[in-house]
Amino acid sequence: MKETQQSALHLLYFAWVREKIGRAEETVVAPHSVATVADLIAWLKTRGPEYEAAFARADVIRTAIDHVHVKSDAEIGAAREVAFFPPVTGG
């Protein structure tokens with residue numbers, strides 16, 4: 001049985017998510033068990049206290065896969081880019 005190679009995933013962080021993590025972007029190779037946005041967030045939270053702090057309120061963080069807004073149960077599939085950002089308020 002041939003094992004598939006997990007693709008690199010480019011992650012973008014905006015606003016206070018970026019501030020808490022300490023970087024605007026990075027490229028990662030997530031474990032094969034990461035299939036959805038929720039899985040990705042759960043895995044990121046294990047990468048250190050800065051990720052745990054950034055995703056502590058994951059329910060309010062918005063996500064886009066390849067420039068399309070998605071919900072946390074969205075499949076990552078063959079995505080090349082995932083962006084995380086807090087909700088924007090206006091006034």
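We're numbering straight along the sequence, starting at 1.
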May I have the list of side-chain donor-acceptor pairs in residues 20-30 shorter than 3.5 Å, sequence neighbours left out?
unit_1, atom_1, unit_2, atom_2, d
Arg23, NH1, Glu26, OE1, 3.0
Glu25, OE1, His10, NE2, 2.8
Glu26, OE1, Arg47, NH1, 3.2
Glu26, OE1, Tyr51, OH, 3.2
Glu26, OE2, Tyr13, OH, 2.7
Glu26, OE2, Arg47, NH1, 3.3
Glu26, OE2, Tyr51, OH, 2.7
Thr27, OG1, His10, ND1, 3.2

Not counting sequence neighbours, which residues clear ring-ring contact (aromatic ring centres under 6.0 Å, His included) with Phe85? List them please. His69
Residues in side chain to side chain donor-acceptor pair (under 3.5 Å) with Thr36, at least two apart? Asp39
Single-linkage hydrophobic cluster Val70~Phe14, side-chain heavy atoms < 4.5 angstrom: no
Shortest non-hydrogen contact from Trp16 to Ala54? CZ3-O, 3.4 Å
Could you pull out the closest heavy-atom pair between Leu9 and Ile76, with the gap in Å? CD2-CG2, 4.2 Å
Under 3.5 Å, which donor-acceptor pairs link side chains of residues 57-66 to any protein atom two or more places apart or in another chain?
unit_1, atom_1, unit_2, atom_2, d
Asp66, OD1, Arg80, N, 3.1
Asp66, OD1, Glu81, N, 2.8
Asp66, OD2, Arg80, N, 3.3

Just to verify, what does Phe55 make a ring-ring contact (aromatic ring centres under 6.0 Å, His included) with, not counting sequence neighbours? Phe84
Do you reckon Val82 sits in the same ILVMFWY cluster as Leu12, going by side-chain contacts under 4.5 Å, direct or chained? no
